[in-house]
Each structure stands twice: as C-alpha cells, then as structure tokens.
Amino acid sequence: MRRVLVTRPQPDAALTAAKLEAAGYQPVCLPVSETVATGISLPQRNFDAVAVTSANALRHIESSLLQSYRHLQVYAVGEKTASVAKECGFEAIYAGDGWGLHLGRHVAAAMPAGSHVLYLTGKIRRPDFEAQLSAADIQLTVAETYDTRPVAYSDAELSRISDAGHSDVILLYSAVAAKQFVALNEQAQGAFIRSAKYIFCLSQRIAAELPADCSARVQISKTPDEDALLHLLALI
C-alpha cells in the first residue's frame, strides 16, 4: 500500500486523507500551515457581486455577516469554493477552473466598468485576480478574512512521522506550503524528500520552491485542483 504525505492545512487534510483511504492508499498527515480567522467585519455597502478565491475565505467568517450579500452573484475560483459558498447560503454561483487569473478575466468580461465587487480572500494571495479587475476599471473592496501561518513541529514529532515509514508520494498545494515543507524537511535531516518517489504539485510555481535535485520526481497536475492532483496517483 502506497503511503501518501498530505501537507495541506486542517480540516482539508482530514478530507484528503479520507479520500486516499477510500482509494486504497495510506495517508500520512503533516499539515505545514494553518489558517486562522482575522476577525474582520465586512463593510455595509452596496456591492454588485462577491468574489472568492479560496474556500477558507468563507470558512473563516461568521455566517451571519454574509446575510446582506447572499442575494448577490458569487464568483468562486473553483468547484470546492463554490460548494462552500452554497453551504453559506449563496445561490447565484459561478465556479471557475481553479485559476485566480482566469477568474479575474471572467469577472472583467462579465461585469461593466465601474462595478463594485466585494472580494473575500486571505492575507497571503497572488495578485493576478486583482490585477485583472483593476485593468477593467472594476472597483474592489478587499476583505482579508483569514491568514495563513506555518505549523511548528519539534524534532521528535518529525522523527516519529518519518520513522513510521517512508512516504512514496508527497502532495503540495501552494508555493507557501512548499516553502514551509522544504524547511521542515531540512529540520528532519532531509528524511521526507529523500524517501519519496514522487512529489505531486498543483502548479509549476509550487514546484519551483523545491530543491533542484528532486525535479525528476516532480509531477504537475493538469489543473490546479485536488481531483487532478490525486488523479496522478492512478498514473504511477
């Protein structure tokens, strides 16, 4: 049974682990980061739409604060974010392909210049979405509902995880997480990368954070979503 190292934050790590177990793999959870709510209050203004580039942006805000916006069109970066938006009570939801850049292009084409969009996002994010809307003269009010911070592990904790058995596959979901994973791998004397046969990444930008000497083991998913990432398992 292949062991798969899952590096994404909780609660997503547990969800991924359940998928892997159901497919006959042995998951090993090593969340390298965690997401925390900022406690921000949303502005009470008249917006034309809501945009969300991470499911965590919705998870980390009080549901009651969204009441005033549930009638608006929601532009979600991907299917998972769209699903969480639906759980939050939104009905008119567009689901993108997982790329913030592509979502920005879609919103810029769908909305007239001068529109005002409430953008729910995290403190750490790519500028692609905002750049597309700025170029289209669409006003954004940015609400940073969560932050991402690294998870610290003791040497003993890392040894316990690595000594339990080598992981055949490592899953990496963001450039920030990849950078933190590399740091933890160094703390563990290189144990995680050394034993892995494959390292699956959602994008080339994520892979760029890895040491050059493991590039032969890196594979990039066709699209930046977990289904595509886990599909790589069936190809090895």
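- Under the 3.5 Å distance criterion, the side-chain polar atoms of Thr81 are left unmatched by any main-chain donor or acceptor of Val77.
- In this structure, the side chains of His231 and Lys222 stay at 4.5 Å or more apart for every pair of heavy atoms.
- Panel note: side chain Glu157, backbone Ser154; a donor-acceptor pair is recorded below 3.5 Å.
- A donor-acceptor pair is defined here as one N or O able to donate and one able to accept, closer than 3.5 Å; such a pair exists between the side chain of Asp225 and the backbone of Ala228.
- Using bins of under 30°, 30° to 60° and over 60° for the plane-to-plane angle, the ring pair Phe47/His116 lands in the perpendicular bin.
- At least one donor-acceptor pair under 3.5 Å links the side chain of Gln187 to the backbone N or O of Tyr153.
- In this structure, Val50 and Gln73 have side chains that are not in contact, with every pair of non-hydrogen atoms separated by 4.5 Å or more.
- A continuous path of hydrophobic side-chain contacts links Val218 to Val6 [ILVMFWY only; heavy atoms under 4.5 Å].
- Ser68 approaches Gln44 most closely through the heavy-atom pair OG-OE1, 3.4 Å.
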- Item | Derivation and outcome, ring-ring contact (aromatic ring centres under 6.0 Å, His included), residues Tyr119 and Phe129 | CA-CA 10 Å; Tyr119 179 28; Phe129 176 79; 4.7 Å; yes

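- At least one side-chain heavy atom of Tyr173 sits less than 4.5 Å from a side-chain heavy atom of Leu229.
- At distances below 3.5 Å, not a single donor-acceptor pair connects side-chain atoms of Ser83 with backbone N or O atoms of Glu79.
- Contact detail for Ala143 and Leu118: the closest heavy-atom pair is CB-CD1, 4.3 Å.
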- Lys19 vs Glu226, salt bridge (Lys or Arg N to Asp or Glu O under 4.0 Å): CA-CA, chis, key distance, verdict: CA-CA 10 Å; Lys19 290 181 184 179; Glu226 184 172 71; 2.9 Å; yes

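- No donor-acceptor pair under 3.5 Å is formed between the side chain of Arg3 and the backbone N or O of Gln26.
- Summarising the geometry of Val169 relative to Leu171, their closest heavy-atom pair is CG1-CD2, 4.0 Å, with the distance given to 0.1 Å.
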- Item | CA sep, side-chain torsions, deciding dist, call: Glu209, Lys179, salt bridge (Lys or Arg N to Asp or Glu O under 4.0 Å) | CA-CA 6 Å; Glu209 297 292 340; Lys179 190 172 184 177; 5.4 Å; no

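- When all heavy atoms of Thr38 and Asp147 are compared, the pair lying nearest together is CG2-N, 3.9 Å.
- Of all the heavy atoms in Cys88 and Arg70, the pair that sits closest is O-NE, 2.5 Å.
- Side-chain contact between Val182 and Glu186 is present, with heavy atoms from C-beta onward closer than 4.5 Å.
- In this structure a side-chain-to-backbone donor-acceptor pair under 3.5 Å is present from Ser174 to Ala177.
- Annotation: side chain of Asp168 is not in contact with side chain of Val4 (no heavy-atom distance under 4.5 Å).
- Here the CZ-CD distance, from Arg45 to Gln139, works out to 7.5 Å after rounding to the nearest 0.5 Å.
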- Given side-chain contact (heavy atoms from CB on, under 4.5 Å), test Leu210 with Cys201 step by step and report yes or no. CA-CA 10 Å; Leu210 297 170; Cys201 303; 4.0 Å; yes

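- Across all non-hydrogen atoms, the minimal contact from Ala82 to Ala95 is CB-CB, 3.7 Å.
- For Gln10 (side chain) and Ala14 (main-chain N/O), a donor-acceptor pair under 3.5 Å exists by modelled atom type.
- Between Tyr75 and Met111, some side-chain heavy-atom pair lies under the 4.5 Å cut-off.
- Using a 4.5 Å cut-off on side-chain heavy atoms (C-beta onward), Thr141 and Val117 make no contact.
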